[in-house]
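Remember, it's a predicted structure, so these values are computed and weren't measured experimentally. Heavy atoms only: backbone and side chains are in, while hydrogens, waters and symmetry mates are out.
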Amino acid sequence: MWISLLMCVLWSTIVENGVASAQGAPRIQPFSFSKNVTFGQTIKTFCSAVGREPLSFQWHKDGLPLYNSQNIKIQSHDDFSVLSLSSVDYNSPGNYTCIVKNTEGSATHSAELVIHAPPKWVKEPQDASVGLEGRVSLDCEVRGHPKPRITWTKIDGDEPVLLKTRTRHHMGDNGSLVISDVKPEDAGRYECHATNDIGAGLKKSVSLSVHVPARFENKFQVETVRWGETAILHCEAFGDKPITLTWTKNQMPISEKESTRYEVYDSQSEQSTTSELHVQVTDREDNGLYICIAKNAFGKDERTVKLVVLEVPGPPSDVRVEQTWSQSATVRWNVPYGGNSPITFFVVQYWRDAGAPHRLEEEKVSASQTFTMLKDLQPGTSYVVRVLAENEVGRGNPSESQQFLTKEAEPSAPPTDVTVESRGAGTLRVKWKTPPREQWNGQLKGYYIGYQVASSSEPYSFKTVEFSKQGEEEYRLTNLQRSTEYRVIVQAFNSAGSGPPSQDVIAKTSDTDPPSPPFLWVDFQSRSSIGLKWKHKSPPPVKKEDDKETPVAQPGHYTLYYKDEYGPWSEITVPRSAEREYTLSGLREGTRYQMYMKATSEAGDSDSSDVLTVRTEGGALSDMSSHPIVERGEDTPIYLRLSVIAPLGSSAGIIFLVLIGACFYVRREEKRYKAAVPGGPDRRYSYCGSSTLPHPRSYKDVDKNRPLLRIPGVPMPPHPPPEGYPAPYATMPIRCGSAITTERRRPSEECRIVVGKNGMLHHATMDRKRMAGLTIQETAEVHHYDMAA
């Protein structure tokens, strides 16, 4: 009975310990790999563990995790895992580890897989040849496990010599033998031996041949040649034949086919091979390094020939004028390309830049100096300077020209050809020409006109006149005493001061004024003629300071000046006539003409009228328009251009038709309104066309200086103008001619007309209201060119 009890206690203890062990941290049953594994074999290993489930298994190789792949397969179960390796190779050996984890902890166990393999060729040694002083590598690459040991021996006679790493011999990691700076004694047979104590190992002997490659004894030479001559470059190569020689320039191959200036001549002797390169008509582009390349079956060598083409220097760069004074200037430049020959000196060339050719001045400067001072220059004058260099070959091209201006000094000469003539009561016209250009000493700013009564001892009074660049200047002295002699002088001045005065000229003022300028416009034009009209109205006598009226002379005749756009001015004397019209005939068709008119009397010529620019019909513009193309002054106003007039004329015609329709509509509505609503004293009506009710009128003056132009469809003002017509003004009566209003007009509802600065009617706005309160606003845009509306 005690024995049974004791066995029950022992069994209970064993069971409890087993359960406790099964439910604790995992423990791995040790495993290992077979010792006789060979390449290509498939092996399996088991990792079995106990502990609290669930258990997780992982496999590592050399510390890196393993996963299922083509050669690796892992199968894990509740308490064990199987690792299968198929077709093991050189990558399979290593340390494999099984890792087991559960909630209580983890456990690991590792086993090494070792594969034994005899040496096997990866790169078998081969016979080789090498040039003298070259470098050769004899391959002997094997694999096996453990890693094979490789040794090289040189079979020299009956006793092989074991080779070790030294100055010219080197054993590579892959088992190759590298020999550098090969000598003739390196020729012979070499043997590679590989073993890892598994099997008999591997052996292979090879032969090494040493040959003499092509070579040059002289590797560098310099050849010089003058620009335009033929350069001959020579190279001679030694070594085993056959040897080929080729030429390159700046690392680019030279081909006789690409340029006829290159010729190559090759020759051979018992000891060497020679080549000559002829470069004909050399220029700067031929400078450079020419390489002769010699090749044979065993190597190559290069010889460099530097060709230097001697030529004239290049143009100096960055030529600049640093400082200027009235009679001197400093010039500096940078040293140019010397043409492969030392520069002997620089030449500074300069001349005056005043339109016509001037004398060329030269100054030589030492080659060690890159600046100079130019002296004895003209004040306030524009000069051009350039620099060139010279060497033993010759003088090079000049640099880019630089322009500079010396500082100004006072003009050294007075104005010339000073004339003074009377231009009316108390007015003198002074004319003169500029001083000689070389004596301006700068840029003229203007003139001082000095004048005094000839019999007076008072100092001169002066007027300042701006410089106009016309060569011939003119100025009017006004508000002078009538019938009095005056002494007049003229002085030119610039930024530095004024020059000497001219010789004084005495002239006497008149007691009558010349006529006023005529007012000229175009009447018609054709292919060969232009019709002109003008009007002339003498201003009333002018009262002077002594309250005496100065009479104004009446014109005796008129002078018409005209020219085409490229020809000189011509003049025609036009007799005075009541019609004041003239036809200029014999003109070229499709040509632009300029013209103006002056009135002439006993007191002198009037001022010029405005200059008209007119193109005759025909030519390229013959089909564009039949109306005159008139331009005034230098620039044609945009509102007179054909591209503006044509569309505006069409627009005006359309608006005119719309206004006529509106008038009929308003008249009809007016009759209907009269029939419906009796008129009262407070009703005011404005009718289209005539009106029985009085209309207040206001007048607007249009530009008085614009000429009257003839525009088709628009009547010209009466000629001569009626009394009260303020010619040459254009007076426009403003009234509501196309609106009807059924209630009193407020100031804001007045009909409005806008006249531009150029005297043109831009638009008129008219409001009208209907009984229902609807407001209709009509805007008529009509261009009137200085005409009465």
Side-chain angles (χ1 to χ4, degrees), residues 131-134 212-296 298-317 333-347 366-370 388-397 399:
L132 190 66
E133 299 179 354
V212 179
R215 74 184 191 279
F216 293 106
E217 293 182 352
N218 185 3
K219 301 294 183 67
F220 184 80
Q221 186 176 355
V222 178
E223 293 284 349
T224 59
V225 64
R226 281 182 175 267
W227 184 87
E229 297 180 354
T230 299
I232 301 177
L233 309 183
H234 178 85
C235 68
E236 185 178 10
F238 299 89
D240 292 347
K241 297 180 181 179
I243 298 176
T244 59
L245 298 175
T246 57
W247 288 90
T248 66
K249 177 194 175 185
N250 298 332
Q251 300 181 352
M252 297 297 293
I254 292 178
S255 175
E256 297 178 83
K257 297 180 180 179
E258 295 179 358
S259 175
T260 57
R261 298 194 303 113
Y262 295 121
E263 293 181 353
V264 180
Y265 300 93
D266 295 334
S267 62
Q268 292 187 2
S269 64
E270 185 176 350
Q271 293 81 17
S272 63
T273 301
T274 304
S275 179
E276 286 186 354
L277 173 63
H278 292 210
V279 183
Q280 300 177 353
V281 193
T282 54
D283 56 20
R284 184 179 302 184
E285 295 180 355
D286 295 321
N287 282 303
L289 298 178
Y290 293 78
I291 298 178
C292 181
I293 303 174
K295 290 183 180 180
N296 62 8
F298 314 112
K300 71 174 184 177
D301 198 8
E302 296 181 353
R303 166 181 163 84
T304 302
V305 181
K306 182 179 181 180
L307 178 61
V308 178
V309 179
L310 303 178
E311 58 176 315
V312 296
S317 61
W333 59 91
N334 292 341
V335 178
Y337 167 69
N340 295 318
S341 178
I343 296 176
T344 55
F345 54 84
F346 294 101
V347 179
S366 171
S368 61
Q369 187 173 327
T370 58
L388 53 87
E390 188 170 331
N391 60 11
E392 63 177 8
V393 180
R395 179 174 290 190
N397 293 326
S399 66

Please list every donor-acceptor pair under 3.5 Å in which a side-chain atom of residues 233-240 meets a protein atom from a residue at least two apart or in another chain.
from	atom 1	to	atom 2	distance (Å)
E236	OE2	S272	OG	2.6
D240	OD2	V212	N	3.3

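When every heavy atom of E311 is checked against every heavy atom of N391, the shortest pair comes out as O-ND2, 2.9 Å. Between Q280 and T230, the shortest heavy-atom distance links the atoms CA-OG1, 3.8 Å. I243 and A294 make their closest contact through CG2-CB, 4.0 Å (heavy atoms, listed as atom of the first residue, atom of the second, distance). Shown here for V309 and Y337, the closest heavy-atom pair between the two residues is O-OH, 4.3 Å. When all heavy atoms are compared, the tightest approach of G299 to P213 is CA-CB, 3.5 Å. Pairing each heavy atom of G314 with each of A389, the nearest pair is O-CB, 4.4 Å.
Interatomic distance, F216 CZ to K300 NZ, rounded to the nearest 0.5 Å: 11.5 Å. Interatomic distance, I232 CD1 to L277 CG, rounded to the nearest 0.5 Å: 10.0 Å. One finds the CG atom of D301 at 10.5 Å from the CG atom of L245 (value rounded to the nearest 0.5 Å). A distance of 9.0 Å separates CG of N340 from CG of L307, quoted to the nearest 0.5 Å. With rounding to the nearest 0.5 Å, the separation of CD in E392 from OG1 in T344 is 9.0 Å. Of the inter-residue distances, the one linking T244 atom OG1 with N296 atom CG reads 8.0 Å to the nearest 0.5 angstrom.
Residues forming a side-chain hydrogen bond (donor to acceptor under 3.5 Å, both in side chains) with D286 (at least two apart in sequence, or on another chain): R261. By the side-chain hydrogen bond (donor to acceptor under 3.5 Å, both in side chains) test, E223 is found to be paired with Q221, residues two or more places apart in sequence or in another chain being considered. With sequence neighbours left out, E302 forms a salt bridge (Lys or Arg N to Asp or Glu O under 4.0 Å) with no residue at all. Under the side-chain hydrogen bond (donor to acceptor under 3.5 Å, both in side chains) criterion, D266 pairs with S275, sequence neighbours left out.
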**Report entry** Derivation and outcome, side-chain contact (heavy atoms from CB on, under 4.5 Å), residues W227 and D283
**Finding:** CA-CA 5 Å; W227 184 87; D283 56 20; 3.3 Å; yes
**Report entry** Working for side-chain contact (heavy atoms from CB on, under 4.5 Å), residues L310 and V308
**Finding:** CA-CA 6 Å; L310 303 178; V308 178; 4.0 Å; yes
Query raised in the report: Do L388 and F346 pass the side-chain contact (heavy atoms from CB on, under 4.5 Å) test, and can you show the C-alpha distance, the side-chain angles, and the key distance before you say yes or no?
Result: CA-CA 6 Å; L388 53 87; F346 294 101; over 6 Å; no
Requested in this report: Evaluate side-chain contact (heavy atoms from CB on, under 4.5 Å) for F345 paired with S366, printing each intermediate quantity in order.
Outcome: CA-CA 5 Å; F345 54 84; S366 171; 6.0 Å; no
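Not one N or O on the side chain of S317 forms a donor-acceptor pair closer than 3.5 Å with the backbone of P336. Under the 3.5 Å distance criterion, the side-chain polar atoms of T282 are matched with a main-chain donor or acceptor of E229.
Taking 4.5 Å as the limit, every side-chain heavy atom of Y290 sits out of range of all side-chain heavy atoms of T248. T370 has its side chain within reach of V335: a pair of non-hydrogen atoms, C-beta onward, lies under 4.5 Å apart.
Residue K241 places its NZ atom among more than 12 non-hydrogen atoms of other residues, nucleotides or ligands, all under 6.0 Å distant. More than 12 heavy atoms of other shown residues, nucleotides or ligands fall within 6.0 angstrom of atom CD in Q369.
Residue pairs meeting the ring-ring contact (aromatic ring centres under 6.0 Å, His included) criterion with at least one member in residues 264-285, sequence neighbours excluded, are Y265-H278.
A side-chain contact (heavy atoms from CB on, under 4.5 Å) with K306 is found for one member of N287, T224, V222 and no other, namely V222.
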